[in-house]
Amino acid sequence: MTNTITVRLRRNKAEVLAKAKPNVNAWVNNLIEQALGPCQPDWDEHYQRLSGRKAARYRSDEIRRANR
């Protein structure tokens, strides 16, 4: 899910672009992280996402099984 935030600047755009390196989006995200601190991981979501995947099948396992 992507949310859009609009920022109205009090300074001119050229001054902000000169200060924001490598880009404005990264600079604003860094400012937000500094102000709020790092977010806490949602481990329940992490493990639910992992459990929904199909098990990987490796060709080497199939070859090894066929050679037994």
Side-chain angles (χ1 to χ4, degrees):
M1 177 193 314
T2 302
N3 296 323
T4 302
I5 298 175
T6 302
V7 179
R8 294 198 171 109
L9 305 172
R10 293 184 184 160
R11 301 191 181 219
N12 68 25
K13 188 175 179 180
E15 185 179 350
V16 172
L17 289 173
K19 178 72 176 176
K21 299 293 181 187
N23 62 40
V24 176
N25 191 38
W27 183 63
V28 170
N29 285 333
N30 189 28
L31 291 174
I32 292 169
E33 286 296 322
Q34 287 176 7
L36 298 178
C39 62
Q40 297 298 321
D42 185 2
W43 291 110
D44 292 333
E45 177 195 356
H46 171 75
Y47 287 117
Q48 284 176 357
R49 193 173 57 231
L50 288 178
S51 66
R53 293 189 314 186
K54 249 170 103 175
R57 291 183 50 189
Y58 296 102
R59 182 75 179 140
S60 59
D61 291 340
E62 293 173 8
I63 294 171
R64 198 175 300 118
R65 203 173 301 124
N67 289 332
R68 288 186 185 163

With [X], which residues qualify under side chain to side chain contact (heavy atoms under 4.5 Å, CB included), at least two apart?
X     : answer
Asn67 : Ile63
Leu9  : Val7, Val16
Gln40 : none

Point to revise | Pairwise salt bridge (Lys or Arg N to Asp or Glu O under 4.0 Å) hits with a residue in residues 15-41, at least two apart | key: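 Every salt bridge (Lys or Arg N to Asp or Glu O under 4.0 Å) pair that includes a residue of residues 15-41, provided the two are not neighbours, is Arg11-Glu15.
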Practice item. For Arg10, enumerate each residue passing the side chain to side chain donor-acceptor pair (under 3.5 Å) test, keeping only those at least two apart in sequence or located in another chain. Key: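 Once residues adjacent in sequence are excluded, Arg10 has no partner under the side chain to side chain donor-acceptor pair (under 3.5 Å) criterion.
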Check your understanding: Which ring-ring contact (aromatic ring centres under 6.0 Å, His included) pairs, counting each pair once, include a residue from residues 24-43, with sequence neighbours left out?
Key ->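 Only Trp43-His46 qualify under ring-ring contact (aromatic ring centres under 6.0 Å, His included).
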**Study point:** Distance, nearest 0.5 Å, that separates CG of Leu36 from CG of Leu31
**Key:**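 Answer for the CG-CG pair, Leu36 versus Leu31, is 10.5 Å.
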Check your understanding: Any donor and acceptor pair, going by atom type alone, linking the side chain of Asn29 with main-chain N or O of Asn25 inside 3.5 Å?
Key ->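 Checked: pair present.
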